[in-house]
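Note: hydrogens, waters and symmetry copies are ignored here, and every other heavy atom, side chains too, is used. To find a chain, count down the sequence lines: A is the first, B the second, and so on, and within it residues start at 1.
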Amino acid sequence: MHFLQISQVSIEFPTPKGQFKALDGVSLNIRQGDFISLIGHSGCGKSTVLNIVAGLYQATEGGVILEGKEVNEPGPERAVVFQNHSLLPWLTAYQNVELAVKQVFNRTKSKAEMKEWIEHNLELVHMSHAMHKRPDEISGGMKQRVGIARALAMQPKVLLMDEPFGALDALTRAHLQDSVMEIQNKLGNTVIMITHDVDEAVLLSDRIVMMTNGPAATIGEILDVELDRPRDRLALADNPEYNRYRSEVLRFLYEKQRKVEPFENAKKKNQTNNKSSKVA
Amino acid sequence: MSIAAFLKQPFKPLSSFSGEDINRDKIVEITKSVSLPMIGLAVFLLIWQLASNSIVTSLGDFPGPSQVAMQFNNLIEEHKEERANVQKKYERQKVRNDKKLAKNPDAEIIWRKYKSRTTFFDQILTSLITVLCGFAVASFIAIPVGIVIGLSSSTYSAINPIIQTLKPVSPLAWLPIVTMVVSAVYVSDDPAVSKSFLVSMITVSLCCLWPTMINTAVGVAGVSKDLTNVSQVLRLDWLTHVRKIVLPSAIPMIFTGLRLSIGIAWMVLIAAEMLAQNPGLGKFVWDEFQNGSSNSLGRIMVAILIIGLIGFFLDRIMLLIQRWVSWDKSAVIR
């Protein structure tokens with residue numbers, strides 16, 4: 001049995017013109033401790049997959065099974081790092097994390113333990129120096145760090161990250177990617193991350209899941225990234241393996257899944273690719 | 001006027017007025033903020049004086065600023081006189097009783113209570129208490145209902161037609177119903193509050209419920225989807241969700257509603273007092289009108305100005321409260 005199983009998930013949204021099928025037969029098995037990236041053109045339904053795993057959307061067909069239990073509502077064991085940080089603007093960094101910690105550990109941890117745990121998680125994302133500042137007093141990168149700390153503090157079984165660095169400048173993004181790798185090395189979380197940045201996907205992931213274009217998007221190809229950890233972005237820049245992975249993803253995105261491609265071709269490819277994905 | 005000028009800038013940190021860091025810009029800014037309202041006031045007074053000179057009513061000249069100021073002084077004098085009279089009565093009573101006791105230590109002593117006639121300032125106090133009670137009752141109902149209908153679109157659909165129908169009803173239409181209902185329901189030998197107070201208060205409440213309710217509902221429904229997602233992922237229970245997420249983000253809209261409501265409450269109260277002859281500023285205006293002395297118009301003008309100033313103060317107080325409860329102290333609140 002797999003740790004996290006996304007099985008034949010389809011979803012339809014009602015629109016004035018009738019039902020719109022956003023996802024069609026998405027299947028993916030994830031091992032514990034895996035770092036998975038979902039990559040694809042915008043509008044292909046990456047976020048929809050994540051939201052279904054989070055429980056914020058309900059699949060029309062198929063479903064998600066986490067440790068043998070079906071997912072049908074949101075919960076802290078599937079913590080989400082939102083694209084725009086989604087911190088409560090009226091709470092400080094500490095209080096934002098506290099809200100999550102209180103919710104999850106209210107019965108199991110004492111007050112002192114909770115305080116320590118909150119501080120520990122803020123330390124983990126290097127935010128100890130500004131933990132009593134409100135979101136409007138810190139930079140975008142720092143807000144996202146707090147968002148990550150809040151998610152980690154829930155001790156989730158799966159960490160879901162929805163384009164966590166999408167709104168950040170390149171330097172800040174690199175910093176945060178390093179932080180995420182460092183934390184991942186320490187904690188070994190199971191992570192699903194959505195991205196449209198090829199370098200980010202190759203650098204961070206164990207597997208890259210490439211999605212076809214919508215409507216009725218599904219998984220196109222899955223690429224196993226077998227680079228040694230810890231990974232160093234400078235060393236990898238000249239690594240031929242790294243560049244091979246990179247070009248493979250690029251080829252998928254810009255050759256096989258050009259946004260103008262006729263729908264029929266994509267479908268054929270999906271069917272062949274789905275077979276290979278089951279092996280993975 | 002300096003008070004009003006100050007109230008226009010109530011949120012400037014005091015430090016900006018303190019000695020060392022006053023530079024030229026600040027002096028210019030302060031002079032502007034004081035002088036511009038003063039100029040406006042001066043022009044207004046001038047036009048008023050000119051207009052009053054050319055209007056003659058059956059009760060004499062239309063009162064200009066100077067007559068109104070005089071009448072205001074008269075009202076203060078009357079108030080002082082009335083209070084002094086009562087004080088004298090008590091003193092006489094004490095002397096009388098002391099004498100009695102001196103003659104016969106066992107004599108039965110009666111301490112009477114003397115009531116002063118209601119003066120202008122008593123009427124102001126009555127109106128203020130009534131409006132605040134009515135407003136408090138209305139807010140106490142409107143905010144929770146607003147939260148509930150803001151969170152659930154089905155309750156909103158169920159209640160909205162009722163709100164929209166009751167909202168435009170004039171206070172004067174409510175008044176007869178409220179009077180009759182209060183007379184029928186509120187029967188007590190030893191009433192804690194007078195019937196007239198209840199009638200005015202309930203009428204005020206009925207009219208100022210709606211802006212708060214609607215604005216709260218809109219504010220609550222407008223909570224960002226991202227934040228409700230956070231709440232869902234955290235599995236916050238309903239109460240925590242409302243306390244930690246809904247209320248803080250709806251505060252500006254709630255206060256917009258509260259400020260509209262307190263403005264309406266104040267207007268409604270004066271009208272209700274006039275119509276129902278319930279004690280308060282409205283009754284004062286009506287009595288003066290019926291009285292029809294040559295001073296009446298001036299005294300009515302005093303009441304009008306006081307009504308306006310109190311309305312202005314009430315709004316400023318709401319702003320101060322908003323600033324106090326709002327998390328975002330830097331937000332510009334007008």
- Task: Name the region of B:S224, side chain, backbone, both or neither, that has any atom closer than 4.5 Å to a heavy atom of chain A.
- Result: neither
- Toward chain B, the part of A:N51 with a non-hydrogen atom under 4.5 Å: neither
- Would you mind reporting whether A:V146 and A:H85 have side-chain heavy atoms less than 4.5 Å apart? no
- Query: Given a strict heavy-atom distance threshold of 4.5 Å, which part of A:R134 is in contact with chain B: side chain, backbone, both, or neither?
  - Reply: side chain
- Message: Please classify the contact of A:A151 with chain B as side chain, backbone, both or neither, using a heavy-atom distance under 4.5 Å.
- Response: neither
- Message: Quick one about A:H132 and A:T92 (side-chain donor to acceptor, distance below 3.5 Å, no hydrogens or angles considered), yes or no?
- Response: no
- Note, A:P89 side chain near A:D136 side chain (heavy atom, < 4.5 Å): no
- Query: For A:L152 and A:L124, which heavy atoms make the closest approach, and how far apart are they?
  - Reply: CD1-CD2, 4.0 Å
- Message: So for A:E77, is it side chain, backbone, both, or neither that comes closer than 4.5 Å to the heavy atoms of chain B?
- Response: side chain
- Whatever's closer than 4.5 Å to a heavy atom in chain B on A:A100 counts as both
- Query: So with a 6.0 Å cut-off around NZ of A:K109, is the heavy-atom count from everything else above 12?
  - Reply: yes
- Ranked by heavy-atom pairs below 4.5 Å to chain A, first place among B:D237, B:T240, B:I245 goes to B:I245
- Query: Parallel, tilted or perpendicular: which fits the ring planes of A:F13 and A:Y57, with parallel below 30° and perpendicular above 60°?
  - Reply: perpendicular
